[in-house]
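Notes for the one structure printed next.
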Amino acid sequence: MKKKIEGSFVNDSFQMGHLLRDRAAFPAAKRVEKFPVVIVGGGIAGLSAAWRLRKRGFTDSSCSK
């Protein structure tokens with residue numbers, strides 16, 4: 001018997017993904033922020049990247065929705 005995996009996607013939006021894929025027109029950004037490095041995702045790879053960057057003097061910021 002297979003064990004059921006519990007959980008779900010957070011902010012799952014395949015519709016937005018399809019708009020991006022199809023190069024739909026979006027309104028211009030209201031604000032632009034520039035960062036020298038952006039880490040997308042907080043899994044083990046994202047955490048490892050943040051840890052290594054921190055060791056090299058990068059300060060952390062959050063630009064979450």
Side-chain angles (χ1 to χ4, degrees):
M1 179 176 213
K2 291 184 180 180
K3 182 178 177 183
K4 182 180 177 185
I5 299 174
E6 295 186 28
S8 64
F9 289 103
V10 177
N11 298 326
D12 182 24
S13 178
F14 68 88
Q15 294 92 350
M16 181 65 72
H18 288 184
L19 289 172
L20 291 168
R21 176 198 65 193
D22 297 338
R23 299 177 186 258
F26 288 93
K30 295 177 183 174
R31 183 175 90 199
V32 175
E33 293 186 41
K34 294 186 178 188
F35 297 93
V37 177
V38 176
I39 300 170
V40 179
I44 191 66
L47 293 172
S48 176
W51 176 73
R52 289 174 180 267
L53 288 167
R54 180 71 162 185
K55 285 179 65 174
R56 287 169 176 75
F58 283 85
T59 57
D60 56 350
S61 297
S62 176
C63 55
S64 57
K65 184 177 179 183

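No experiment lies behind these values; they were computed from the predicted model shown. We count residues from 1, following the sequence as given.
- Within 6.0 Å of atom CD1 in I44, 12 or fewer heavy atoms from other residues, nucleotides or ligands are found, so the atom counts as exposed in its surroundings.
- Distance check, rounded to the nearest 0.5 Å: CG of L19 to CZ of F14 gives 10.5 Å.
- At a threshold of 4.5 Å between side-chain heavy atoms, the hydrophobic network of Ile, Leu, Val, Met, Phe, Trp and Tyr places V37 and V40 in two separate groups.
- For the pair H18 and R21, the minimum side-chain heavy-atom distance is below 4.5 Å.
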